[in-house]
*Asks:* 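Quick one: the structure is below, and I'll ask about it shortly.
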Amino acid sequence: MKSHISIRTFSIVFVIFFTLIALVSIYKMQSQEKANISKIISSDLQSSILSLSFILKQNLKKDKDISEIKAKLDNFQYQKKIIKNIYISNQNNKIIYPHNKTNLLLPKNFCTDLNNLNTFNLLEKRGCKQKVVVYKGTKKINYEIYIITNHQDIKKLIYSPIYDFFYFFIPLFFILLLLVWFYLEKIIILPLEKLRQFAYYHLQEPKEFLIKELESIRYSLGVTFNRLENEQKELYKLSTKDTLSGLYNRLSLFDKLSQLIAKAKREKEEFAVLFMDLDNFKDINDYLGHDTGDDILKYISSILLKSVRENDFVSRIGGDEFVVVLPEFESNIKIAEIAQRIIENISKPIEKESEVLYVSASIGIVIYPKDGESVFELIKNADITMYKAKELGKNQFHFFTEELHKNIEQKINIQNAMKDALEKGFFELYYQPKVDIKKDKIVSCEALVRWNDPKKGVIAPDLFIPIAEENGFIIKLGEWVMKEGAKQIKKWHDTELNDLKVSLNVSAYQFYDPKFYDKVLQATKQIDISKFDLEITESAFLKDTNQNIKTIEQIKDIGISLSLDDFGTGFSSLSYLRQIPVDTLKIDKSFIDAYNEINGKSFIALIVNIGKTLGLNIVAEGVESKEQLDFLNEIGCSQVQGYYHSKPLPIKDFEKLYKKYNKI
Ligand code: C2E
Ligand code: CA
Ligand code: CA
């Protein structure tokens, strides 16, 4: 990572640099000052020497003795502070002033070049000396003037302004530096730190800053955070609320239930979950369009909200499915009252433009923890209970019961045991004869699967086929049925039963298996294909119609015949009949059961007629009496299947019945 430097470090470096420059400048200034003062002092000394020379020249040439001018010289010396002593020597190098000290040795180390008197010379040399030539008449006498300087005073003169400057300037400089530093801290470093904290932690927005750029960043951050916050709120709303109804969505419901379970577990409480589904919503959508459907859903949502208390939780978890959670309730009666109130409010007629619509709802009720201990279990059981309410006639509520609980347990047990049962060979095919009425002979049979459980005995297909369809096991089971049926056809081929046609049931779910056709081919490889019939129901054509019709055509092409099972129960039978290339129509048992009801016979006759018009073979299912048989014969039905002739039988029993009935 790149190493970064902080503004503080940068400022320190900057200040040090600035200080150094300031110091160098000051030093330069001071040196200049020193030189100037030195120049003044040296000028002073020069003028002093000149004055002394003048005094000497003036006075000594008049033949005066030096002692006569001593007072003058003394006075001169006295006036000059920077002059400590003045010596004058004669040409014999004898000092004649201040008094005749003939044996006094002259001090050394004098500056002779007065023009070159700088600070160094002034402080390092003892002073300065100058030759003076005095003419007494024609006689030339050399004198030498020595000025011994007062170093102390010179130093004072040179340095005191510098010292004064430093005494004044250095504290001022540092005070200034500190002030600058504090100001920097206050207007840049601290605001930057505040901005950083604001950007990182998103705490309280800092107050306005002085620096324009920082202020603009602060303002922009504030605006951005506000926008983010609003967007976050919007997103949260979107993720927890259903956009159409404004109620909570599935995710929120699961969340709410998890929280309630945790709380209820801790505090040993109960709560109720009401699973509601509209009874006829699909029709509204289909006939009045989705816009009306949406309006109805919104309306129902508002009714739900009005029908419950404030702290109850209302959610929409799918198309027309709503879940209400009652976190607190006094008794089951109170829950029932609420459910009833919802149902009544919903079933009030809705005026929509010129139309009046009627909507009703079914509600399944579960209570935590007795009816389910996890979110999944509660919702699943509430859903099952809601279906129970629908089964019982819709527009009502139903509580989860022990019976429902048992059903669920049984379902789970079946689900778990099914795979094992196939591996262990617990499945078996029973055969039920189809009798040709005219010939009064068994010409065909339907193979019906049975599950022989060592502990529970024979389990009926009505119980396990729907479960197998739900969990996909039907694909494997269906394959086994086809193989087993084909095996039986092969076995019967070399016996008296070689004319017998065998029908096998195929679930609509098997058509969703892309390998279905291959599996049919595989199963029928070694048999007389004309003896192999498949019973299919209309539900196989509700989804993927074209693909499924294609598969059917492929199957037909290899010579397999098809029976349309449970005919008359589907709602679009006639239109499909023309598209599906079936050979046989099986009139559903429910029509034969209704034989004695008003219009019962005419319905059966109508179906037989349709079948005959289309040139199909017609089989009536569930024939239990002679009367039914005779009637069917009368109206031209070709075959019957039912308890009148026989229940579905195991192979051996079926073979016996076949031989006996067909008098072999
Ligand atoms: P389904 O295909 O409609 O089969 C006819 C059902 O009616 C059989 O019930 C049969 O025992 C019953 N039945 C026949 N005649 C009479 C009668 O006169 N009176 C009464 N009360 N019932 C009669 P089963 O064997 O219990 O099968 C029920 C359903 O399970 C079948 O209805 C079929 O949908 C399904 N099923 C049975 N075996 C298979 C199979 O191998 N594969 C698939 N996919 N479904 C099967
Ligand atoms: Ca059948
Ligand atoms: Ca049937």
Side-chain angles (χ1 to χ4, degrees), residues 414 418 421-422 426-435 442 444-452 457-489 501-513 516 519-520 523 532-540 561-570 582-596 604 617-629 632 637 639-651 653-654 657:
I414 287 175
M418 240 169 347
L422 187 64
F426 292 162
F427 286 105
E428 183 187 353
L429 287 183
Y430 274 36
Y431 295 88
Q432 186 179 32
K434 293 182 192 173
V435 174
I442 298 175
S444 170
C445 65
E446 178 177 1
L448 293 152
V449 71
R450 296 290 179 267
W451 175 353
N452 301 312
V458 180
I459 303 172
D462 282 337
L463 214 67
F464 63 85
I465 294 284
I467 300 172
E469 287 178 333
E470 220 173 85
N471 70 5
F473 182 68
I474 193 72
I475 306 285
K476 270 206 160 148
L477 184 64
E479 199 181 341
W480 178 85
V481 168
M482 278 196 296
K483 276 191 188 154
E484 196 64 17
K487 232 194 257 170
Q488 198 50 55
I489 292 172
K501 192 161 186 161
V502 179
S503 296
L504 299 159
N505 289 287
V506 175
S507 160
Y509 290 86
Q510 286 174 261
F511 279 92
Y512 305 139
D513 173 14
F516 178 60
K519 285 174 182 172
V520 175
F532 192 88
D533 181 80
L534 290 180
E535 292 193 9
I536 53 173
T537 58
E538 285 168 69
S539 54
S561 68
L562 292 175
S563 301
L564 192 59
D565 208 355
D566 305 339
F567 183 70
T569 54
V582 292
D583 307 271
T584 303
L585 269 194
K586 291 189 80 178
I587 306 174
D588 191 65
K589 184 176 164 293
S590 58
F591 291 95
I592 311 298
D593 285 346
Y595 169 77
N596 277 323
I604 300 171
N617 179 34
I618 300 156
V619 180
E621 284 187 313
V623 176
E624 292 181 346
S625 68
K626 176 85 171 70
E627 206 187 338
Q628 288 169 334
L629 177 70
L632 288 161
C637 174
Q639 290 176 24
V640 286
Q641 174 186 351
Y643 290 180
Y644 177 70
H645 289 105
S646 168
K647 283 191 175 182
L649 299 169
I651 297 169
D653 296 339
F654 178 77
L657 173 80

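Both ligands and their constituent atoms are indexed starting at 1 by order of listing. Reckoned from all heavy atoms, side chains included, excluding hydrogens, waters and symmetry mates.
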*Asks:* Any idea which of Trp480, Tyr430, Tyr643, Tyr644 brings a heavy atom closest to atom 23 (C) of ligand 1?
*Replies:*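 Answer by nearest heavy atom: Tyr643.
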
*Asks:* Okay, side chain of Asp583, backbone of Leu562: is any donor-acceptor separation there less than 3.5 Å?
*Replies:*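 Side chain of Asp583 to backbone of Leu562, a donor-acceptor pair under 3.5 Å: yes, one is there.
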
*Asks:* Considering just N/O/S atoms, say which atom of Asp565 is closest to the Ca ion (ligand 2).
*Replies:*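 That would be atom OD2.
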
*Asks:* Any idea which of Gln432, Glu535, Lys586, Arg450 brings a heavy atom closest to atom 15 (N) of ligand 1?
*Replies:*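 Result: the heavy atom closest to atom 15 (N) of ligand 1 is in Gln432.
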
*Asks:* Provide the number and element of each atom of ligand 1 under 4.0 Å from a heavy atom of Val481.
*Replies:* 41 (O)

*Asks:* Between Leu429 and ligand 1, find which residue part has any heavy-atom pair under 4.0 Å and reply side chain, backbone, both or neither.
*Replies:* neither

*Asks:* Suppose I only count heavy atoms of Asp566 and a 4.0 Å limit; which atoms of ligand 1 are within that range?
*Replies:*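 With Asp566 as reference, the close atoms of ligand 1 come out as 3 (O).
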
*Asks:* Near Pro648, which atoms of ligand 1 are under 4.0 Å from a heavy atom of that residue?
*Replies:*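 With Pro648 as reference, the close atoms of ligand 1 come out as 11 (O).
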
*Asks:* Sort out for me which residue in Glu621, Glu446, Lys501, His645 forms a side-chain contact (heavy atoms from CB on, under 4.5 Å) with Lys434.
*Replies:*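 Passing option: Glu446.
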
*Asks:* Could you tell me which atoms of ligand 1, counted from 1 in the order shown, lie closer than 4.0 angstrom to a heavy atom of Ile465?
*Replies:* 43 (C), 45 (N), 46 (C)

*Asks:* Near the Ca ion (ligand 2), is there an N/O/S atom from Glu535 that is less than 3.0 Å away?
*Replies:* yes

*Asks:* Can you list the atoms of ligand 1 that are under 4.0 Å from a heavy atom of Gly642?
*Replies:*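 Reading through ligand 1 atom by atom, the close ones are 15 (N), 18 (O).
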
*Asks:* Which atom, among the N/O/S set of Glu446, is closest to the Ca ion (ligand 2)?
*Replies:*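 Within Glu446, restricted to N, O or S, the Ca ion (ligand 2) is closest to atom OE2.
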
*Asks:* Counting only heavy atoms, tell me which of Pro461, Pro466, Gly485 gets closest to atom 24 (P) of ligand 1.
*Replies:* Pro461

